[in-house]
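Proteins come first, then strands; the chains are lettered A, B, ... in the order of their sequence lines, and each starts at number 1.
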Amino acid sequence: MLDIKFIRENPDLVRRSLENRCVQADLDGFLEADASFRSIVEEVNGLKHRKNLVAREIPNEKDANKKAELVARMKDLNLRLKDLDDESTRLDSLRNEIRLYIPNMPLNDVPVGEDASSNQVVSTWGEKRTPPFHPKGHVEIGSALKMLDMERGAKVTGSGFYILRDKLARMERALINLMMDIHTTQGYTEIWAPALANSSSMLGTGQLPKFEDDMYRIPSDDLYMIPTAEVTLTNMNREEILDLDDMPLRYQAFSPCFRREAGRHTGEEGMIRVHQFSKVELVSIVDPENSALELEKLTDDASEVLRRLDLPHRKVLLCTGDMTFSSAKTYDLEVHCPYNDRWMEVSSCSLFTDFQARRSAIKFRRQPHLPSEFVHTLNGSGLAIGRTMVAIMENYQTEEGGFAVPEALRPYMGGAERIEPLTGRTI
RNA sequence: GCAGAGGUAGCUAAGCUCGGUCCACGGCGCCGGACUUGAAAUCCGGUGGGCACCCGCCCUCGAGGGUUCGAAUCCCUCCCUCUGCGCCA
């Protein structure tokens, strides 16, 4: 969330940001509640001060009559205080509630635009593959191999869940290991963390309250299944004050990710938009001076996986209207897939400035005696496993219906150089 | 799941029985100052959040309610930690 003082002193900037992001939020309601709160809290504090003074007199007053008089004065003060105090509490909650729905301020170098058409391609790496035969999609490839089973996934759980078998199941594991080994050499500490998180954590990274309907929830224990390991990695240091020397904190974690994707079932995208997928996530916690540079590093660190897999890709700077709620600046990494000649997002790397840090109270001190300041948080996929698998299947497909294994992945696949259709019993 | 013991500031740790100079004792660490050639030791001051920044004011004892003129202290609910028992891959 944004700093209250910042909103109060820069309402025009916030209003323009809301317009640029195409987001509705009750900014006027906030400003009104804030102004009323501030005027009323002064009055409340004055009354409380007088109350505190009288309360200190009472135990020292020996005369019973005078004591009774003081107690009566306290009762009177309490009567006058009650309504005012309730009102100030109400206004405070109101302004904070509205504030939770105001998105982060985009950085100045983020292009203004309504949707993906205003995004800017920053750089492109590698050559598009154009096989001399009609390229297939990953669902056709995987199903023909008998290694991707959309139907049984739907039977066991529901539509939007798939099952992998044999080499593709192993490839899931292989990709996780390859990616994490790469990120380890880049300086990210490997973390294993829960796949469920509580509501405080979800509030801290911005999933709540606005995106409650996008998540799976366990009502019996008031827990949510994480939509990304960003939640667990960023919230690890929630309500902590770090030393400047602790930073940058760089974490990576593999986790399953759960998304309800309510109202968006097409059933035709195969593994691309599903309810559960695996992802290796990168998170950085840095001081404000280094955050812009850290976003470049983090994006490049994620790209390294694509370079190692020799997958043609591009780096895209998202415009104001296409960024997520909490982000101040976002790069997407998109891989080119020959099937339908399209670009597919496999990573989204964002700088949240102090937006998440303020929500989740992650602070740092420059020196032991100085006041604490909010850190800057960043995260990015490094990468989404399922979609990377899709990109490999489609980019490395052969005319025979299988696909080659990228060289970097072979050591993690028992040395396999290509994946051929299963023969024999494949129930 | 059951029983017991706990949760106090960056860390440590008094206070709770019996509500009122608690405006939260003390120590460690850290910051500033004095002393010193410099340092150590010693002494003085400071060290949770917000508003105002010259005084000053409000809030804060795991969270939220309640009782009371007044709650760290009494009552209720919840969360977390530790110990023992139970269950368990």
When the [atom1] atoms of [M] and [N] are compared, how many Å lie between them, rounded to an integer?
{"N": "B:G6", "M": "B:C16", "atom1": "P", "answer": "13 Å"}
{"N": "B:C55", "M": "B:C44", "atom1": "P", "answer": "23 Å"}
{"N": "B:U17", "M": "B:G62", "atom1": "P", "answer": "15 Å"}
{"N": "B:C43", "M": "B:G48", "atom1": "C1'", "answer": "27 Å"}
{"N": "B:G7", "M": "B:U73", "atom1": "C1'", "answer": "15 Å"}
{"N": "B:C11", "M": "B:C61", "atom1": "P", "answer": "16 Å"}
{"N": "B:A71", "M": "B:C85", "atom1": "P", "answer": "42 Å"}
{"N": "B:G27", "M": "B:G15", "atom1": "C1'", "answer": "16 Å"}

Side-chain donor or acceptor of [X] paired with backbone N/O of [Y] under 3.5 Å:
{"X": "A:Gln252", "Y": "A:Met180", "answer": "yes"}
{"X": "A:Glu394", "Y": "A:His138", "answer": "yes"}
{"X": "A:Ser39", "Y": "A:Ser36", "answer": "yes"}
{"X": "A:Asn96", "Y": "A:Asp92", "answer": "yes"}

Complement of [N], any strand, by Watson-Crick or G-U distances under 3.5 angstrom:
{"N": "B:A71", "result": "none"}
{"N": "B:G29", "result": "B:U47"}
{"N": "B:U81", "result": "B:A5"}
{"N": "B:U17", "result": "none"}
{"N": "B:C35", "result": "none"}

Using the side-chain contact (heavy atoms from CB on, under 4.5 Å) definition, which of the options A:Val44, A:Val41, A:Thr89 pairs with A:Leu84?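 Among A:Val44, A:Val41, A:Thr89, the one that satisfies the side-chain contact (heavy atoms from CB on, under 4.5 Å) with A:Leu84 is A:Val44.
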Across the strands shown, which category fits A:Arg56 at heavy-atom distances under 4.0 angstrom: base, sugar-phosphate, nothing?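 A:Arg56: base contact, heavy atoms under 4.0 Å.
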What is the nucleic acid contact for A:Lys363, judged by heavy atoms within less than 4.0 Å: base, sugar-phosphate only, or nothing?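 No contact.
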Atom-pair distance ([atom1] on [X]; [atom2] on [N]), nearest Å:
{"X": "A:His49", "N": "B:A52", "atom1": "NE2", "atom2": "C1'", "answer": "14 Å"}
{"X": "A:Arg8", "N": "B:C51", "atom1": "CZ", "atom2": "C1'", "answer": "9 Å"}
{"X": "A:Ile40", "N": "B:C57", "atom1": "CD1", "atom2": "P", "answer": "22 Å"}
{"X": "A:Leu47", "N": "B:C51", "atom1": "CG", "atom2": "P", "answer": "21 Å"}
{"X": "A:Asp245", "N": "B:G10", "atom1": "CG", "atom2": "C1'", "answer": "15 Å"}
{"X": "A:Lys82", "N": "B:U68", "atom1": "NZ", "atom2": "C1'", "answer": "15 Å"}
{"X": "A:Asp34", "N": "B:C51", "atom1": "CG", "atom2": "C1'", "answer": "12 Å"}
{"X": "A:Glu240", "N": "B:C11", "atom1": "CD", "atom2": "P", "answer": "10 Å"}

Charged N to carboxylate O below 4.0 Å: is that the case for A:Asp85 and A:Lys48?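 Yes, this pair counts.
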A:Pro59 side chain: which of B:G20, B:C69, B:C51 is closest?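 So the nucleotide nearest the side chain must be B:G20.
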5'-most contact on RNA chain B: A:Glu42 or A:Ala72, nearest heavy atom basis?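 Mapping each residue to its closest nucleotide by heavy atoms, the 5'-most match is A:Glu42.
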First encountered from the 5' end of RNA chain B, between A:Gly46 and A:Arg38: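 So the residue in question is A:Arg38.
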Phosphate oxygens OP1/OP2 of [N]: is one of them under 4.0 Å from a side-chain N or O of [X]?
{"X": "A:Asn45", "N": "B:A52", "value": "no"}
{"X": "A:Asn52", "N": "B:C58", "value": "yes"}
{"X": "A:Lys48", "N": "B:C58", "value": "no"}

Would you kindly say whether A:Asn379 and A:Thr234 are connected by a side-chain donor-acceptor distance under 3.5 Å?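 No, A:Thr234 and A:Asn379 have no side-chain donor paired with an acceptor closer than 3.5 Å.
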